Amino acid sequence: QVQLVVSGGGLVQAGGSLRLSCAASGRTFSGYAMAWFRQAPGKEREFVAGIGWSLGTTYYGDAVKGRFTISRDNAKNTMYLQMNSLKPEDTAVYFCAANQLGIRTSGTSYDYWGQGTQVTVSS
């Protein structure tokens, strides 16, 4: 069963933009908070951004504030991450996740994970 399907990764030049999507399949994530994490080779998993279910509350990691925007379309059961002004340091595998607790910055607080998509930013 695939619950979170991620798409939109790719290769982009520094300063460019990408838009990631995370679509739920097999179930509806009603009432769930959702979040984006990323992990570069040899580095720890890092919180990128999170969004609540009904109120649209958002929270961003310091590294992406002002550059990334998280959003969701509950009718489509899909979450998005608009990434602008990309930097080489943004290069990582990006994951989407969901939980029933609300936005958390720790990955251990999330029960459901997507497969990840590679984002590579060249200098």
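Being a predicted model, the structure only gives us computed values, none of them experimental. Residue indices begin at 1 and follow the sequence shown.
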I'd like to check the side-chain hydrogen bond (donor to acceptor under 3.5 Å, both in side chains) partners of [X]; sequence neighbours left out, ordered by chain and number.
| X | value |
| --- | --- |
| Asn99 | none |
| Gln118 | Thr120 |
| Ser123 | none |
| Asn84 | Ser17, Gln82 |

What are the two closest non-hydrogen atoms of [X] and [Y], and how far apart are they?
| X | Y | result |
| --- | --- | --- |
| Val5 | Ser25 | CG2-OG, 3.8 Å |
| Met34 | Arg72 | SD-NH2, 3.5 Å |
| Ile51 | Ile70 | CG2-CD1, 3.6 Å |

Residue list, ring-ring contact (aromatic ring centres under 6.0 Å, His included) with [X], at least two apart or on another chain:
| X | result |
| --- | --- |
| Phe37 | Phe47, Tyr110, Trp113 |
| Phe68 | none |
| Tyr80 | none |

Single-linkage hydrophobic cluster, 4.5 Å side-chain cutoff, Leu81 and Phe95 together: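 The answer is no; the residues belong to distinct hydrophobic clusters.
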Consider only side-chain heavy atoms of I, L, V, M, F, W and Y, link residues closer than 4.5 Å, and tell whether Leu20 and Tyr60 are in one cluster.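 As far as the 4.5 Å side-chain criterion goes, Tyr60 and Leu20 are connected within one cluster.
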Look only at the side chain of [X] and the backbone of [Y], and say whether a donor-acceptor pair between them is shorter than 3.5 Å.
| X | Y | result |
| --- | --- | --- |
| Thr78 | Lys76 | yes |
| Thr117 | Val6 | no |
| Arg104 | Ala33 | no |

To the closest 0.5 Å, what do you measure between CG (Asn74) and OG (Ser30)?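 Going from the CG atom of Asn74 to the OG atom of Ser30 covers 8.0 Å.
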Quick one: CE on Met79 to OH on Tyr32, what's the gap to the nearest 0.5 Å?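 These two atoms lie 14.0 Å from each other.
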For Arg45, what residues pass the salt bridge (charged side-chain N to carboxylate O under 4.0 Å, His left out) criterion, not counting sequence neighbours?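 Once residues adjacent in sequence are excluded, Arg45 has no partner under the salt bridge (charged side-chain N to carboxylate O under 4.0 Å, His left out) criterion.
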With sequence neighbours excluded, tell me which residues meet salt bridge (charged side-chain N to carboxylate O under 4.0 Å, His left out) with Lys43.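 With sequence neighbours excluded, Lys43 shows a salt bridge (charged side-chain N to carboxylate O under 4.0 Å, His left out) to no residue whatsoever.
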Residues which pass side-chain contact (heavy atoms from CB on, under 4.5 Å) with Ser7, listed by chain and number, not counting sequence neighbours: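 Once residues adjacent in sequence are excluded, the partners of Ser7 under the side-chain contact (heavy atoms from CB on, under 4.5 Å) criterion are Ser21.
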Run the side-chain contact (heavy atoms from CB on, under 4.5 Å) test against Ala92 and tell me which residues pass, sequence neighbours left out.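 Result, side-chain contact (heavy atoms from CB on, under 4.5 Å) vs Ala92: Arg38, Ala40, Tyr94.
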Should the pair Asp90-Lys87 be classified as a salt bridge under the 4.0 Å nitrogen-to-oxygen rule?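 Lys87 and Asp90: not salt-bridged.
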Residue pairs fulfilling disulfide (SG to SG under 2.5 Å) with at least one residue in residues 33-123, sequence neighbours excluded: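 Qualifying pairs: Cys22-Cys96.
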